[in-house]
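Throughout, residue positions are numbered sequentially from 1 according to the sequence presented.
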Amino acid sequence: MHHSPASPLFVTRHRRARTRAVLLAAASVVCLASAGVALATDAAPVKTASTGENPSGPPQTAPARTFEMSVPVVIRNQIAGEVTAQLTTAGVQAVDAERLIGILTPFVSDALMGRIVAISGGKGMVSLTALEQTGLEVTYDPLSIQLEIRIPKAEARDLVINLQGDNAPTDRGAISPARFSIAANLFASQAYVHEASAGETGFDPFQLELSGYANVFGKKGLYLAYQGFYAEDAPKTWRRGNVVAFHDDVDRAIRYSGGDIFTPGTGFQALPTIGGLSIQRAYDEIQPFRNTRASGRDRITIERPSNVEIIVNGAVVRRIRLDPGTYDFRDLPLADGVNDVVFVVEDDQGRREVFERSLILEQDLLAEGVLDFGLTFGAPQRTTDGSIDYDTEALLGSGYIRYGVTNNLTLGANAQANDQQYLVGLDGGIATAIGSFSALAGLSGGGPGLDDGLAISIGYTLDIEAGETLRQLQLGFEHRSRDFAPVGTLLPSNPFESEYTFRYQQALWDSAAGSISYRYSQGRDMVLDEQQLQVGVSQSFGNIIAFASYQRTERENAEAEDTLYLTLTWLMSSRENARARYDSRTDTPALMRLSAGSA
């Protein structure tokens with residue numbers, strides 16, 4: 001059987017285009033067959049019974065059949081929507097004007113949109129010929145059953161591309177969990193000490209950790225997570241870990257939990273593990289693909305049709321085919337601190353342009369309209385003789401709320417209390433043209449013998465542009481009064497009255513970054529003032545990251561302490577890494593392998 005070469009357009013279309021092609025072919029056959037029947041009827045003279053003459057006159061050709069169907073509209077090599085079109089065997093003749101205007105609005109300038117609205121004239125359908133008179137280039141591809149529209153560069157609106165927003169991956173293609181599932185992980189470890197400045201050498205005691213989960217009724221059902229531990233040298237070799245049951249409201253990203261719960265919180269709140277109940281907004285775990293923070297953005301202009309590759313910190317986050325125009329890339333997946341962002345643009349002739357950026361993530365601001373909250377109540381967990389029990393005489397209630405007022409302003413409040421103490425607090429963050437500011441405040445108090453205490457923390461971040469490299473300056477101030485005490489701390493301990501911090505960081509060269517920080521702590525009563533200087537540099541070599549830092553600590557009337565810290569990390573996979581480290585304080589190197597979630 002002979003196969004004609006595949007059209008490049010056909011190769012790039014969705015599989016459903018084949019179905020449309022079959023349907024159109026079938027419709028064309030029907031049209032041609034109908035036309036043939038009509039022609040045959042006209043060609044055969046029909047005589048009347050009385051005269052034997054043909055009353056219809058000379059033979060006439062039947063008019064082309066017209067039918068309607070929905071076809072995709074392709075703009076900038078992406079399907080932008082579907083529009084109802086009138087087709088004949090010759091192709092698309094006209095399209096639904098109102099629907100097409102809705103599709104084109106995000107892509108064209110106001111001037112061009114005005115011309116399109118004018119030629120539509122309130123009609124239900126507008127012809128392709130009329131659309132081309134506005135300056136649009138409209139092409140119908142009968143193989144893929146798609147309508148391609150090219151917009152003049154001067155008339156194109158900046159296209160917004162949300163890398164983690166509307167176009168972000170979702171769980172749409174994920175495998176749905178079974179009605180019942182169970183899993184267990186077993187982690188065994190035993191260290192060998194070859195040489196030690198103090199203590200014994202040889203094998204450390206054998207340790208075993210068991211963790212896992214069970215689920216009934218799938219994603220929207222009930223989960224049970226559990227832990228268990230074995231330690232060869234412990235008084236009680238086997239002991240229970242945390243056990244928690246929870247249910248997720250997937251659509252609203254809310255988790256309802258009962259059991260051993262890590263208390264979520266903000267500001268100066270205490271965060272103990274409790275045995276109790278909690279309700280918490282959990283975007284990261286329930287809707288991990290949703291971006292809830294105001295994040296990075298950048299803008300580039302493309303002169304020719306090109307393939308664009310977007311690379312963030314060495315990882316390719318998106319490949320996309322784009323037509324000429326200006327593109328506003330939003331929700332770049334940046335990490336805290338300095339981020340290397342590269343746009344590689346290559347046209348059809350192989351010409352390549354590289355746009356390099358160094359972007360720094362702003363303060364932890366929520367996106368506009370995002371509400372974050374958590375409520376917990378229960379008894380603080382404690383360990384007695386290797387077993388877990390609960391302090392039922394110190395029941396704790398805790399809650400917080402944070403709201404993204406705008407992309408540049410986030411406000412929040414929190415409260416925490418038991419039968420003896422309380423803590424209330426406020427927090428907020430704002431990004432401005434002169435930098436980003438954050439503030440926390442907490443007021444503590446309680447019953448007899450507990451005086452009120454105050455704590456405040458203020459932070460400032462400034463991104464300094466120097467060519468294409470961004471540099472970041474951070475300033476901080478924190479003050480705690482003598483009697484300030486988080487809930488659960490009956491004896492306040494605030495050796496330092498105030499602390500002042502300074503930090504500066506920037507990208508140095510390819511895949512390298514450096515930082516310098518300084519902290520001054522003002523002692524209270526007999527506590528000596530303290531200052532600390534630290535300089536660090538990191539360099540990545542693919543999936544290997546090297547880090548080195550030097551730290552000097554000085555106290556009044558005391559000898560300075562100098563510390564050298566070195567690490568070499570091998571990123572083995574998304575869940576495991578190997579790390580070698582050296583700390584001059586112990587003068588002992590260490591080699592370890594870590595799994596996701598390990599400290």
Apply salt bridge (charged side-chain N to carboxylate O under 4.0 Å, His left out) to Arg402 and list each qualifying residue two or more places apart in sequence or on a separate chain. Asp427
Could you verify whether a donor N or O on one side chain and an acceptor N or O on the other, from Gln472 and Gln505, lie under 3.5 Å apart? yes
For a ring pair (Phe, Tyr, Trp, His ring centres under 6.0 Å) check, start with the C-alpha distance between Tyr518 and Phe502, then their side-chain angles and the critical distance, and finish with the verdict. CA-CA 5 Å; Tyr518 173 79; Phe502 161 88; 7.7 Å; no
Using a 3.5 Å distance criterion without hydrogens, assess whether the side chain of Gln287 forms a donor-acceptor pair with backbone atoms of Asp251. yes
Tyr256 vs His247 aromatic rings, parallel, tilted or perpendicular, using cut-offs 30° and 60°? parallel
Minimum heavy-atom distance Ser120-Val117, with the two atoms named: OG-O, 2.7 Å
Qualifying side chain to side chain donor-acceptor pair (under 3.5 Å) pairs, either residue in residues 538-547, two or more places apart: Trp509-Gln539
Would Glu346 and Ser306 count as having a side-chain donor-acceptor pair, cut-off 3.5 Å? no
If every non-hydrogen atom of Asn215 is compared with every non-hydrogen atom of Gly221, which pair is closest and at what distance? ND2-C, 4.5 Å
Calculate, to the nearest 0.5 Å, the distance between atoms CG and CD1 belonging to Leu411 and Ile401 respectively. 10.5 Å
Between the OG atom in Ser515 and the CZ atom in Arg503, the distance rounded to the nearest 0.5 Å is 4.0 Å
Around Arg321, counting heavy atoms of other residues, nucleotides and ligands shown, do more than 12 lie under 6.0 Å from its CZ? yes
How many angstroms lie between CD1 in Ile516 and CD in Gln506, if you round to the nearest 0.5 Å? 11.5 Å
Using the salt bridge (Lys or Arg N to Asp or Glu O under 4.0 Å) rule, collect all pairs that involve residues 91-115, keeping only residues at least two apart or in two chains. Asp110-Arg157, Arg115-Glu155
Considering all heavy atoms, the nearest Asp249-Ile286 contact: O-CG2, 4.3 Å
Of all heavy-atom pairs between Thr410 and Leu366, which one has the smallest distance, and what is that distance? OG1-N, 2.9 Å
side-chain contact (heavy atoms from CB on, under 4.5 Å) between Phe547 and Tyr565: does it pass, once the steps are laid out? CA-CA 8 Å; Phe547 174 76; Tyr565 187 69; 4.3 Å; yes
Classify the ring geometry between Tyr213 and Tyr223 as parallel (under 30°), tilted (30 to 60°) or perpendicular (over 60°). tilted
So, taking the atom named CD1 in Ile119 and the one named OG in Ser127, what distance separates them when rounded to the nearest 0.5 Å? 7.0 Å
Note: Arg281 and Leu371 closest approach over all heavy atoms is NH1-O, 2.6 Å
Do side-chain atoms of Ser181 reach the backbone of Ala178 as a donor and acceptor pair under 3.5 angstrom? no
Shortest non-hydrogen contact from Ile145 toward Met69: CG2-CE, 4.2 Å
On the ring face of Phe246, is Arg255 found with NZ or CZ under 6.0 Å from the centre and within 45° of the axis? yes
Quick one: do Thr88 and Gln93 satisfy side-chain contact (heavy atoms from CB on, under 4.5 Å)? Show the steps, please. CA-CA 7 Å; Thr88 67; Gln93 302 301 309; 3.5 Å; yes
More than 12 foreign heavy atoms under 6.0 Å from CZ of Phe217: is that the case here? no
Rounded to the nearest 0.5 Å, the CD1 atom of Ile310 sits from the CZ atom of Phe343 at a distance of 5.5 Å
Measure the spacing between CD1 of Ile149 and CG of Leu100 and express it to the nearest 0.5 Å. 5.0 Å
